[in-house]
2 protein chains.
Amino acid sequence: MTRKRRSSGRATLDQVAELASTSPITVSRYFNRPQHVSEATRQRIAAAVAELGYVPNLAAGGLASAQARVIGLVLPSISAPIYVDTIQAFSDRVSRYGYQLLLASSEFSLEKEEEVVRAFLGWAPAALVVTGCQHTPGTEQMLARASVPVVEVWDYRPDRPYPQVGFAHDEVSRLAAAFLHERGYRRIAYAQTPIAGDLWAALRYEEFAACLLRDYGLATRLIEPGAVHPIAAGRLAIEEIMRSGDIDALFCANDNVASGAVLAAQRLGLRIPQQCAVLGFGDFPIAEALFPSLSSVRPPARDIGEVAADRVLEELGTLNPDASTKALACTLAPREST
Amino acid sequence: MTRKRRSSGRATLDQVAELASTSPITVSRYFNRPQHVSEATRQRIAAAVAELGYVPNLAAGGLASAQARVIGLVLPSISAPIYVDTIQAFSDRVSRYGYQLLLASSEFSLEKEEEVVRAFLGWAPAALVVTGCQHTPGTEQMLARASVPVVEVWDYRPDRPYPQVGFAHDEVSRLAAAFLHERGYRRIAYAQTPIAGDLWAALRYEEFAACLLRDYGLATRLIEPGAVHPIAAGRLAIEEIMRSGDIDALFCANDNVASGAVLAAQRLGLRIPQQCAVLGFGDFPIAEALFPSLSSVRPPARDIGEVAADRVLEELGTLNPDASTKALACTLAPREST
DNA sequence: AGGAAAAATGGTAGCGCTAGCATTATTCAT
DNA sequence: ATGAATAATGCTAGCGCTACCATTTTTCCT
């Protein structure tokens with residue numbers, strides 16, 4: 001008889017069971033429902049596990065039980081400060097219930113998102129969390145066919161088949177417009193860059209311009225310096241404002257752009273907020289430290305992570321439904337720059 | 001006959017095979033070695049896959065082949081700017097060879113690292129990359145017993161059983177000390193915070209102080225404002241320097257601390273670099289934009305990711321060995337703040 | 001045309017684990 | 001002591017896939 005198949009070389013449940021003089025199924029229970037195993041057996045198993053350095057093979061377990069205790073989270077970026085709180089809050093919460101987090105970034109590309117979703121589904125996750133409501137047809141099809149709960153975060157639109165955990169991005173624009181108008185600014189510009197780091201910057205601009213025009217009768221200037229680093233984009237925006245001289249407030253796609261603007265203004269001698277106010281989006285840690293400190297719209301990043309985790313756990317039956325599916329709210333943190 | 005077992009509800013290889021009038025094994029080959037399948041069969045399978053929305057179950061595949069095409073990467077933080085380049089470079093490189101990245105942060109805690117390593121090993125990854133040379137005994141045992149290649153990154157010490165991809169942190173200190181001395185600074189302080197975001201800040205301080213004393217006969221002041229946000233720590237360091245008035249250069253544990261220092265100095269009226277020079281570590285994107293712009297020691301973050309990926313791929317036999325295991329080098333980016 | 005090599009395909013068994021019962025040991029009320 | 005409840009444990013049969021070999025079909029050479 002030839003020895004078929006190479007084994008992985010790692011200790012298996014069977015080996016642990018043998019060493020602990022019990023059956024594999026009891027060892028399995030030891031890991032999954034310890035309270036169903038007697039104290040004496042538990043100790044023997046614990047000793048065997050330690051001696052063999054046994055680590056359960058989660059792939060095998062997931063295969064056997066048709067449910068891996070893993071939840072996939074896809075965000076546009078895992079490094080952008082704006083998403084870090086969401087990741088942290090989500091991860092904390094699901095790991096408390098024994099779920100592991102599979103994290104990937106779509107790098108602001110819908111194609112890359114499709115790739116990542118496919119890879120995730122390959123692991124048969126218990127649930128999937130994706131960013132926003134916009135996906136490729138392929139992604140949509142996979143999500144629809146995957147028989148796992150799906151939650152969409154960082155946006156809020158009522159016409160979707162999945163639970164939404166986020167805020168309405170046009171609401172942000174109205175908040176910013178009202179705030180700047182109330183402070184007396186009338187010649188307002190919006191600065192963004194294609195790699196600003198969020199998918200909704202252009203959408204926010206549209207509603208910002210529409211709102212200023214509709215509610216306050218003001219035109220808006222769009223400053224878009226092209227594909228450069230956000231911080232450089234902020235600098236270029238300030239340079240343009242100094243050239244044209246007809247702008248008294250700048251709303252930026254995010255705090256990186258806004259930081260670049262504040263720092264460049266300082267370097268170039270434009271007084272903020274006297275000559276031009278700057279309002280950011282994201283409320284990154286740097287906002288408070290800048291000189292002058294940066295006013296910013298703060299998205300509910302942490303709440304998104306928490307609520308999304310709760311929603312997922314509800315769908316999985318781990319948590320009782322709360323059923324309060326509302327849009328979350330952004331707040332405005334006024335500081336010295338406006 | 002009772003129907004045992006719930007199936008996952010997803011399409012399986014068998015279903016695809018049936019629809020494509022071929023055998024499961026051929027469909028398996030279609031995904032893993034397409035060149036071994038004839039063009040005609042390939043097209044039939046592709047159609048069946050599309051129709052069923054089939055996504056291969058990677059857990060089952062990994063189990064059957066005893067090698068999941070997944071590589072685990074454990075870093076102290078996935079949000080700290082300093083690690084972002086490493087993640088990016090590593091991910092790019094391994095994904096090009098068909099490996100997926102399993103990413104986790106140990107949050108600067110060795111206990112958390114042990115937890116994460118255990119979870120990763122549960123997925124039977126093809127390889128594991130961990131940060132630094134310091135681990136709990138439990139982690140060490142798991143790494144030693146796991147029959148997968150292990151690589152350690154972001155540090156360089158010759159006395160370890162695993163390949164190292166990183167730089168010598170004491171070298172950074174010598175570089176910084178030489179640079180500041182050469183520029184004529186003699187009353188030098190070092191600022192750090194326990195949550196500064198890297199495991200080696202204290203080690204760098206020790207060598208920094210030792211080197212200044214040994215090579216230049218200078219004493220070093222340590223400023224450690226306690227567990228506050230790095231940016232706030234920078235501000236507190238500047239406040240202390242203004243109080244005492246006997247410091248002319250500040251080396252910071254990282255660029256967040258240094259940014260806080262530069263911004264606070266500006267706010268409080270301390271001229272940089274005339275009254276006090278500031279040198280950072282990490283060369284974060286903000287360094288260049290600050291006013292005055294921040295001099296910083298740039299670690300080879302991207303190189304670490306690339307070389308670690310190469311080392312891993314070599315161990316897996318995917319790449320031919322290069323065998324040049326040397327420490328990588330940090331460079332110094334001098335700007336206005338020194 | 002005949003034979004050998006190469007390409008394409010398929011059957012069988014099993015990777016390591018757990019669901020669904022079935023069975024045995026223990027506890028408790030009567 | 002007896003039966004009924006409960007706790008603890010074990011057996012069998014797969015989860016969906018691929019390694020290993022065997023077989024069939026095609027291609028190529030003389």
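We name chains A, B, ... by the order of the sequence lines, and we start the count at 1 in each one. As the structure is a computational prediction, the values presented were derived from the model and not from experiment.
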Write down the distance between CG (B:Asn57) and C1' (D:dG16), rounded to a whole number of angstrom.
6 Å
Nearest-Å distance, CG (B:Leu63) to P (D:dG14)?
17 Å
d(CG, B:Leu13; P, D:dC15) in whole Å
13 Å
Please report the distance, rounded to the nearest Å, between CH2 in A:Trp123 and P in D:dG16.
16 Å
Tell me which residues in residues 25-32 of chain A put a heavy atom below 4.0 Å from DNA chain C, sorted by number, or none.
A:Ile25, A:Ser28, A:Asn32
Note the angle between the end axes of the helix from C:dA1-D:dT30 to C:dT30-D:dA1, five pairs defining each, rounded to 10 degrees.
20°
Identify, residue by residue, the members of residues 44-54 of chain B with a heavy atom below 4.0 Å from DNA chain C, and return them in order of residue number, or none.
none
For the residue pair A:Asn57 and B:Ala124, what are the closest heavy atoms and their distance?
ND2-CB, 4.4 Å
How many whole angstroms separate atom CD of A:Glu39 from atom P of D:dA8?
10 Å
Output yes when at least one side-chain N/O atom of A:Thr41 is less than 4.0 Å from OP1 or OP2 of D:dT9, else no.
yes
Between A:Arg118 and A:Glu115, is there a salt bridge with N-O shorter than 4.0 Å?
no
Carboxylate-amine/guanidinium contact B:Glu315 B:Arg311, below 4.0 Å:
no
Phosphate OP1/OP2 of D:dT18: any B:Ser65 side-chain N/O under 4.0 Å:
no
Table please: side-chain donor-acceptor pairs of residues 125-139 of chain A below 3.5 Å, with sequence neighbours left out.
from     : atom 1 : to       : atom 2 : distance (Å)
A:Thr131 : OG1    : A:Val74  : O      : 2.5
A:His135 : ND1    : A:Glu113 : OE1    : 2.8
A:His135 : ND1    : A:Glu113 : OE2    : 3.2
A:His135 : NE2    : A:Gly132 : O      : 3.1
A:His135 : NE2    : A:Glu152 : OE2    : 2.9
A:Thr136 : OG1    : A:Glu114 : OE1    : 2.7
A:Thr136 : OG1    : A:Thr139 : N      : 3.1
A:Thr136 : OG1    : A:Thr139 : OG1    : 2.7

For a quick test of reading the model, state the closest non-hydrogen atom pair linking A:Ala119 to A:Trp123 and the distance between them.
O-CD1, 3.3 Å
Hey, does A:Leu58 have a side-chain heavy atom less than 4.5 Å from the side chain of A:Gln100?
yes
Output the single nucleotide from C:dT9, D:dG16, D:dT9 whose closest atom is nearest the side chain of B:Ser38.
C:dT9
Specify the separation, in whole Å, of atom CG of A:Asp14 and atom C1' of C:dT18.
12 Å
Hey, is B:Glu140 close enough to B:Arg160 for a salt bridge, meaning N to O under 4.0 Å?
yes
On a heavy-atom basis, the closest approach of A:Leu101 and A:Ser91 is CD2-CB, 3.6 Å
Do A:Tyr83 and A:Phe90 make the cut of ring centroids closer than 6.0 angstrom?
no
Base, sugar-phosphate, or nothing: which does A:Gln35 touch, judged by heavy atoms less than 4.0 Å apart?
sugar-phosphate
Can you find a side chain N or O atom of B:Thr22 that sits less than 4.0 Å from OP1 or OP2 on C:dG10?
yes
Distance check needed: D:dT9 C1' versus A:Arg42 CZ, whole Å only.
14 Å
Could you work out, with ring-ring contact (aromatic ring centres under 6.0 Å, His included) as the rule, every residue matching A:Phe167, not counting sequence neighbours?
A:Trp154, A:His169
Is there a side-chain contact between A:Leu328 and A:Ile304, using heavy atoms and a 4.5 Å cut-off?
yes
May I have the distance from A:Arg10 (atom CZ) to C:dG16 (atom C1'), rounded to whole angstrom?
10 Å
With side chain to side chain donor-acceptor pair (under 3.5 Å) as the rule and sequence neighbours excluded, what pairs involving residues 13-23 of chain A come up?
A:Ser23-A:Thr26
From C:dG10, D:dG10, D:dC17, nucleotide with atom closest to B:Ser23 side chain
C:dG10
